[in-house]
Amino acid sequence: QVHLVESGGGLAQAGGSLRLSCAASRRTFGTEAMGWFRQAPGKKRELVAAINWNGDSTFYPDSVKGRFTISRDNVKSTVYLQMNRLKPEDTAVYYCAAENAPTIGWTEDEYDYWGQGTQVTVSS
């Protein structure tokens, strides 16, 4: 079992930055791919960043590419999402998720553990 706890959400102005953190309880952290998803009201949950087990492979959809950066510190069992140049359309609940596999997963079904989510609100 893996327990994930997100932090760092809040309110930001358009053009501003926020950094989300996800602390994992897993003793073997560092063997699995991790992802950040978001869900806005009335919309499907979408993958916004993913990173493989050792951090040398990442994925971003076009909507956040060049603005968001995912990273991980396997010693601290933590994954980060640096969000720059925020836009009002980035407003959503952001979820950290962990796989049981080392390579990046593209869909929700590939992620086995989820955090409780943290709200990010971007004002215009």
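We number each residue from 1, following the sequence as shown. Values in this document were obtained by computation on a predicted structure and should not be read as measured data.
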Indicate, with yes or no, if [Y] and [X] share a hydrophobic cluster defined by side-chain heavy-atom contacts under 4.5 Å among Ile, Leu, Val, Met, Phe, Trp and Tyr.
X	Y	answer
Phe59	Val79	no
Val120	Leu4	yes
Val48	Leu20	yes
Ile51	Phe68	yes
Val2	Tyr94	yes

Smallest separation among heavy atoms of [X] and [Y], with atom names:
X	Y	answer
Tyr111	Gly105	OH-O, 2.9 Å
Gly117	Val93	CA-CG1, 3.9 Å
Ala14	Pro88	CB-CD, 4.1 Å
Ser21	Trp36	O-CH2, 3.7 Å

Taking the six-membered ring for Trp, are Trp114 and Phe37 parallel (under 30°), tilted (30 to 60°) or perpendicular (over 60°)?
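It falls in the tilted class, 30° to 60°.
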
Give, for atom [atom1] of [X] and atom [atom2] of [Y], the distance between the pair rounded to the nearest 0.5 Å.
X	Y	atom1	atom2	result
Arg67	Asp90	CZ	CG	4.0 Å
Arg19	Leu81	CZ	CG	10.5 Å
Thr103	Asn52	OG1	CG	8.0 Å
Ile70	Met34	CD1	CE	7.5 Å
Arg45	Leu47	CZ	CG	11.0 Å

Report the residue from Glu46, Met83, Arg38 that forms a side-chain contact (heavy atoms from CB on, under 4.5 Å) with Val64.
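Per the side-chain contact (heavy atoms from CB on, under 4.5 Å) rule, the option paired with Val64 is Arg38, out of Glu46, Met83, Arg38.
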
Within 6.0 Å of CD in Gln119, more than 12 heavy atoms from elsewhere:
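More than 12 within 6.0 Å, yes.
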
Is the cationic atom of Arg72 (NZ for Lys, CZ for Arg) positioned less than 6.0 Å from the six-membered ring centroid of Phe29 and within 45 degrees of its normal?
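Yes, Arg72 and Phe29 form such a contact.
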
Return yes if some donor-acceptor pair links the side-chain N/O of [X] with the main-chain N/O of [Y] below 3.5 Å, else return no.
X	Y	value
Glu6	Cys96	yes
Asn74	Trp53	yes
Thr91	Val122	yes

Can you tell whether the side chains of Asp62 and Lys65 come within less than 4.0 Å, N to carboxylate O?
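Salt bridge: yes.
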
Residues Glu89 and Lys43 bridged, charged N to O under 4.0 Å
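Answer for the salt bridge query: no.
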
Decide yes or no for Thr69 and Tyr60: does some side-chain heavy atom of the first lie under 4.5 Å from some side-chain heavy atom of the second?
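In contact.
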
Assess whether side chain to side chain donor-acceptor pair (under 3.5 Å) is satisfied between Asn84 and Ser17, documenting all intermediate values.
CA-CA 4 Å; Asn84 298 328; Ser17 299; 2.9 Å; yes

